[in-house]
Amino acid sequence: MRKGILTIAAVGLLASGGLTACSDDSGTGSADSKKTPKIGVILPDSKSSPRWETADRRFLEEAFKAAGVQSDIQNAQNDKAAFQTIADQMITSGVTALMIVNLDSGTGKAVLDKAKSQGVATIDYDRLTLGGSAQYYVSFDNETVGKLQGEGLAKCLTDKGAKNPVVAYLNGSPTDNNATLFKAGYDSVLKPKFDSKEYVKGPDDAVPGWDGPTAATIFEQQLTATKGKIDGVLAANDTLGNAAISILKKNKINGKVPVTGQDASVEGLQNILAGDQCMTVYKAVREEAKAAADLAIALAKGEKKDTGQTVKDPEGGRDVPSVLLTPKAIYKDNVKDVIADGYVTKEQICADAYAKLCAGAGIS
């Protein structure tokens, strides 16, 4: 891993042996230590962000293979019924630990509670299930993600010399607790600017399911409602950012209106190189997957590990043992860092018309 691109907030996880392991004698929620570990993973979809299939699946498979344990990774494709069916099948098949990325907290809670009742250990991966019963939560510091987005938009507006800019929000799905955390982060940066009249608060809309076409429709409505007066777009991820960019292109103002993002997708990075997106937030999924896999394998063996930190579940009131990793802001001048880290390849980013743009950004 490229030095300096990511640090882990839970310092005890800096090395695979850094977590304190102990026997789990609670009698609940952990597998028998004599069982052969088999880990089930349910991913949410492949439309809200390409990361789920291009990064998370790949890095989770790598981590499980390296540890020599069986795994079953499936994608619910944003279907709540399918999510529950997959979980039931995994539990019946004898998984010793189940990791989920919930579609919403209600569905996630039902799955986690059923797994717990069957003696299957559980982990919330990337998204916390509010009111849930997962034994661990592994993600990034999501308020920091939002803060980086707010700071990024402010930087890009300053770079463009914007005066009293109107800022529109394209927030993530209202059923995703991460979207709430992202918004808290960027509000912490932008709200003081709205309050001081330095910036003008524009339309503020959530995008159900993080759906790109829906985001495009919403943003077109925002642009119409403001008579084209939107000077910056806080888009909560690259999918929503690209949706906004498609409408800006339609109105021939792409590149003039800074747009944020998240996930460092191929499309998002190419939009940054082209000058249509001002920044994205990179989350080193390889480290997230490794941390979650280490915990899942330990649980499957009947062990507990001390992560050194917790996250408060505001609905259930629990302090959930957690591993939170640190995200990184990406602008045109450090797109190369994402490539150097192995998250995407030069061939993916620098194809065709982007070859010259890559050269200009120091990607060689």
Quiz item: Going through the distances and angles, do S173 and V207 end up as a side-chain contact (heavy atoms from CB on, under 4.5 Å)?
Solution: CA-CA 5 Å; S173 176; V207 180; over 6 Å; no
Exercise. Check the pair W210 / D176 against side-chain hydrogen bond (donor to acceptor under 3.5 Å, both in side chains), numbers first and verdict last.
Key: CA-CA 9 Å; W210 296 89; D176 182 353; 3.1 Å; yes
Exercise. Given side-chain contact (heavy atoms from CB on, under 4.5 Å), test D126 with R51 step by step and report yes or no.
Key: CA-CA 12 Å; D126 201 74; R51 63 164 283 193; 3.2 Å; yes
Practice problem: Show your reasoning for whether ring pair (Phe, Tyr, Trp, His ring centres under 6.0 Å) applies to Y137 and Y125. | Solution: CA-CA 6 Å; Y137 167 53; Y125 181 71; 9.6 Å; no
Practice problem: Tell me, with the steps shown, if D231 and V167 meet side-chain contact (heavy atoms from CB on, under 4.5 Å). | Solution: CA-CA 6 Å; D231 303 297; V167 175; over 6 Å; no
Exercise. Step by step, work out the side-chain contact (heavy atoms from CB on, under 4.5 Å) result for K160 and V257.
Key: CA-CA 9 Å; K160 287 189 175 295; V257 178; over 6 Å; no
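With contacts defined as side-chain heavy-atom distances shorter than 4.5 Å, the pair I330/V338 qualifies. For the pair N78 and P44, the minimum side-chain heavy-atom distance is 4.5 Å or more. At least one side-chain heavy atom of L112 sits less than 4.5 Å from a side-chain heavy atom of I100. Annotation: side chain of E220 is in contact with side chain of K250 (closest heavy-atom distance under 4.5 Å). Contact of the K328 side chain with the N334 side chain is registered, since non-hydrogen atoms from C-beta on lie closer than 4.5 Å. The closest side-chain heavy-atom distance from Y354 to I349 is not below 4.5 Å. Contact of the E288 side chain with the V138 side chain is registered, since non-hydrogen atoms from C-beta on lie closer than 4.5 Å. Within the 4.5 Å cutoff, side-chain heavy atoms of I42 are placed close to those of M90.
Here the side chain of K197 pairs no donor or acceptor atom with the backbone of F194 at under 3.5 angstrom. When atom types are taken as modelled, the side chain of S322 and the backbone of T310 share no donor-acceptor pair closer than 3.5 angstrom. No donor-acceptor distance shorter than 3.5 angstrom exists from the side chain of D56 to the backbone of A289, with no hydrogens or angles considered. Between the side chain of N177 and the backbone N or O of L128 there is no donor-acceptor pair closer than 3.5 Å. Between the side chain of D211 and the main chain of T214, a donor-acceptor pair closer than 3.5 Å is present. In terms of modelled atom types and a separation under 3.5 Å, the side chain of N251 and the main chain of I247 share a donor-acceptor contact. When atom types are taken as modelled, the side chain of Q149 and the backbone of G261 share a donor-acceptor pair closer than 3.5 angstrom. A distance-only check finds no donor-acceptor pair linking the side chain of R318 to the backbone of G131 [under 3.5 Å]. Using modelled atom types, one side-chain atom of Q309 and one backbone atom of L324 make a donor-acceptor pair closer than 3.5 Å.
Smallest separation of non-hydrogen atoms from Q348 and T345: OE1-N, 2.8 Å. Annotation for Q135 and A121: closest pair OE1-CA, 3.1 Å, computed over non-hydrogen atoms. Minimum heavy-atom separation, G342 to R286: O-NH2, 3.8 Å. Contact detail for L130 and S105: the closest heavy-atom pair is N-OG, 3.0 Å. The nearest pair of heavy atoms linking Q77 to S46 is OE1-OG, 2.9 Å. In plain terms, the two heavy atoms of S93 and K38 that are nearest each other are OG-NZ, 3.4 Å.
Side-chain contact check for N171 and D204: at least one donor-acceptor pair (N or O, by modelled atom type) lies under 3.5 Å. Between the side chains of D104 and T107, a donor-acceptor pair is found at a separation under 3.5 Å. Defined by atom type and a distance below 3.5 Å, a donor-acceptor pair is present between the side-chain atoms of D72 and Q74. Between the side chains of D141 and T144, at least one donor N or O lies within less than 3.5 Å of an accepting N or O. A donor-acceptor contact closer than 3.5 angstrom is absent between the side chains of N164 and E198. For the residue pair N102/D124, the side-chain donor-acceptor check at 3.5 Å is not satisfied.
The cationic atom of K155 (NZ for Lys, CZ for Arg) lies less than 6.0 Å from the six-membered ring centre of Y331 and within 45° of the ring axis. A cation-pi arrangement is found for K201 relative to Y169, the charged atom lying closer than 6.0 Å to the ring centre and inside a 45° cone about the ring normal.
Between K183 and D187, at least one side-chain N (NZ, or NE/NH1/NH2) sits under 4.0 Å from a carboxylate O, which counts as a salt bridge. Looking at E62 and K290, no side-chain N of the basic residue comes within less than 4.0 Å of a carboxylate O on the acidic one, giving no salt bridge.
Here the straight-line distance linking atom OG1 of T54 with atom CZ of R57 works out to 11.0 Å at 0.5 Å rounding. Distance CG/L98 to CG/L299: 11.0 Å, rounded to 0.5 Å. The CZ atom of R127 lies 10.0 Å from the CG atom of N142; values are rounded to the nearest 0.5 Å. Residue I230 holds its CD1 atom at 9.0 Å from OG1 of T224, rounded to the nearest 0.5 Å. Here the CD1-CG distance, from I86 to N75, works out to 7.0 Å after rounding to the nearest 0.5 Å. K116 NZ to I91 CD1: the interatomic distance, rounded to the nearest 0.5 Å, is 13.5 Å.
Cluster membership for I123 and I73, using ILVMFWY side-chain heavy atoms within less than 4.5 angstrom, is shared. Note: the hydrophobic cluster containing V69 also contains L43 (ILVMFWY, side chain heavy atoms under 4.5 Å, direct or indirect links). At a threshold of 4.5 Å between side-chain heavy atoms, the hydrophobic network of Ile, Leu, Val, Met, Phe, Trp and Tyr places V95 and V111 in one connected group. The hydrophobic cluster containing F182 does not contain L325, counting ILVMFWY residues as joined when their side-chain heavy atoms lie under 4.5 angstrom apart, directly or transitively. In terms of hydrophobic clustering, with Ile, Leu, Val, Met, Phe, Trp and Tyr side chains grouped at heavy-atom distances under 4.5 Å, V281 and L181 are assigned to different clusters.
A side-chain contact (heavy atoms from CB on, under 4.5 Å) with L153 holds for exactly one of T260, L148, T158; it is T260.
Partners of Y343 under the ring pair (Phe, Tyr, Trp, His ring centres under 6.0 Å) rule, at least two apart in sequence or in another chain, are Y282.
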Would you be so kind as to tabulate the donor-acceptor pairs closer than 3.5 Å made by side chains of residues 232-245, with sequence neighbours excluded?
from, atom 1, to, atom 2, distance (Å)
N237, OD1, T239, N, 3.1
N237, OD1, L240, N, 2.9
N237, ND2, S48, O, 3.1
D238, OD1, Q262, N, 2.8
D238, OD1, Q277, NE2, 3.0
D238, OD1, T280, OG1, 2.8
D238, OD2, A264, N, 3.1
D238, OD2, S265, N, 2.9
D238, OD2, S265, OG, 3.2
D238, OD2, T280, OG1, 3.2
T239, OG1, S48, O, 2.8
N242, OD1, N271, ND2, 3.0
N242, ND2, E267, OE1, 3.4
N242, ND2, E267, OE2, 3.2

